[in-house]
Q: 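Sharing a structure, written as structure tokens. Questions coming.
In this text the structure is predicted, and so the values were computed from the model without any measurement.
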Amino acid sequence: VTPLTKINVTAESRATERDREYQGLEGDLKSRSTHFQVGLKGGITPSMTGSVSAQYQRSNYDASTKNPAATRGDYHGLAYNASVSNRFSPQAVLDGGLFREESQSSMLGTNFYVAQGAAATFTYRVSRPLYCSLGLAYQNNSYDSDSTAFIARRDDDLVSVKLGAGYYF
């Protein structure tokens, strides 16, 4: 077994600006984000590959046109993404990963939420063109309360199970 074969190193800086229009109470919401990311990707063993990245996120949310007090906010935090893929045999592959990231929210009274979770998928090739898969994922979305305490802190737990089949042409 030769560990750490063929490693790729990445670095990225990104700036985004979003402008969303809401028809409800909030009005328009504008945000500006800056991201700095570094990562590694490559072979761990001949049958296993993986990647890991860390990202610093900074987001600023402008006040809305209809309710300035309820939609102002800033987010500063660390995001990450890690994944691994292991080929047990020519027919069987197990993929898994972990993540944490900030995203802009469309829920009344909150600017953003922090999502973190894990997922795994097992894929088995039944014959050359036919495969089946089974996946399980968990995600927690954490919403902070707004500055007026109109909306309480909220956490949503999401679990998904997927069963699939495919045919390669």
Q: Could you give the distance from OH (Tyr168) to CZ (Arg125), rounded to the nearest 0.5 Å?
A: 9.0 Å
Q: With the side chain counted from C-beta on, respond yes when Cys132 and Val126 share a heavy-atom pair under 4.5 Å apart, and no when they do not.
A: yes
Q: Going by heavy atoms in the side chains, are Tyr80 and Leu98 under 4.5 Å from each other?
A: yes
Q: Checking Phe36 against Glu12 for the side chain to side chain contact (heavy atoms under 4.5 Å, CB included) test, could you report, in this order, the C-alpha distance in whole Å, the side-chain angles of both residues, the deciding distance, and whether it holds?
A: CA-CA 6 Å; Phe36 302 100; Glu12 177 182 313; over 6 Å; no
Q: Rounded to the nearest 0.5 Å, what separates atom CD in Gln116 from atom CG in Asn140?
A: 5.5 Å
Q: Within a reach of under 6.0 Å around CZ of Arg58, are more than 12 heavy atoms found that belong to other residues, nucleotides or ligands?
A: no
Q: Are a donor atom and an acceptor atom from the side chains of Asp95 and Ser85 found within less than 3.5 Å of each other?
A: yes
Q: So do the side chains of Tyr131 and Tyr124 get within less than 4.5 Å of each other, counting heavy atoms only?
A: no
Q: Decide side-chain hydrogen bond (donor to acceptor under 3.5 Å, both in side chains) for Ser59 and Ser33; before the verdict, give the C-alpha distance in whole Å, the side-chain angles of both, and the deciding distance to 0.1 Å.
A: CA-CA 4 Å; Ser59 299; Ser33 301; 2.9 Å; yes
Q: Decide yes or no for Glu102 and Gln55: does some side-chain heavy atom of the first lie under 4.5 Å from some side-chain heavy atom of the second?
A: no
Q: Side chain to side chain contact (heavy atoms under 4.5 Å, CB included) between Tyr138 and Asp157: does it pass, once the steps are laid out?
A: CA-CA 7 Å; Tyr138 167 78; Asp157 294 315; 2.6 Å; yes
Q: Apply side chain to side chain contact (heavy atoms under 4.5 Å, CB included) to Ile7 and Leu40, showing your working.
A: CA-CA 7 Å; Ile7 299 293; Leu40 297 172; 4.1 Å; yes
Q: What is the ring orientation for Tyr143 with Tyr113, classed by angle as parallel under 30°, tilted 30 to 60°, or perpendicular over 60°?
A: tilted
Q: Which distance, rounded to the nearest 0.5 Å, do you find between the NE2 of His35 and the OG of Ser13?
A: 9.5 Å
Q: Measure across Ser47 and Asn86 and return the closest heavy-atom pair with its distance rounded to 0.1 Å.
A: O-OD1, 3.2 Å
Q: I want to check something: taking the side chain as every heavy atom from C-beta on, are Lys162 and Thr121 in contact at a cut-off of under 4.5 Å?
A: yes
Q: Does a side-chain heavy-atom distance below 4.5 Å link Phe122 with Val93?
A: no
Q: Establish whether Leu130 and Leu163 are linked, either directly or via other cluster members, by ILVMFWY side-chain heavy-atom contacts under 4.5 Å.
A: no
Q: Considering only heavy atoms from C-beta outward, does the side chain of Val84 approach that of Ile44 to under 4.5 Å?
A: yes
Q: Between Gln37 and Thr10, do the side chains contain a donor N or O and an acceptor N or O under 3.5 Å apart?
A: no
Q: What is the distance from atom CG of Leu94 to atom CZ of Arg87, rounded to the nearest 0.5 Å?
A: 11.5 Å
Q: Between Val38 and Ser53, is a side chain to side chain contact (heavy atoms under 4.5 Å, CB included) present by the stated rule, with each step listed?
A: CA-CA 6 Å; Val38 294; Ser53 66; over 6 Å; no
Q: I'd like to know if the side chain of Arg100 and the backbone of Leu78 have a donor-acceptor N/O pair within less than 3.5 Å.
A: yes
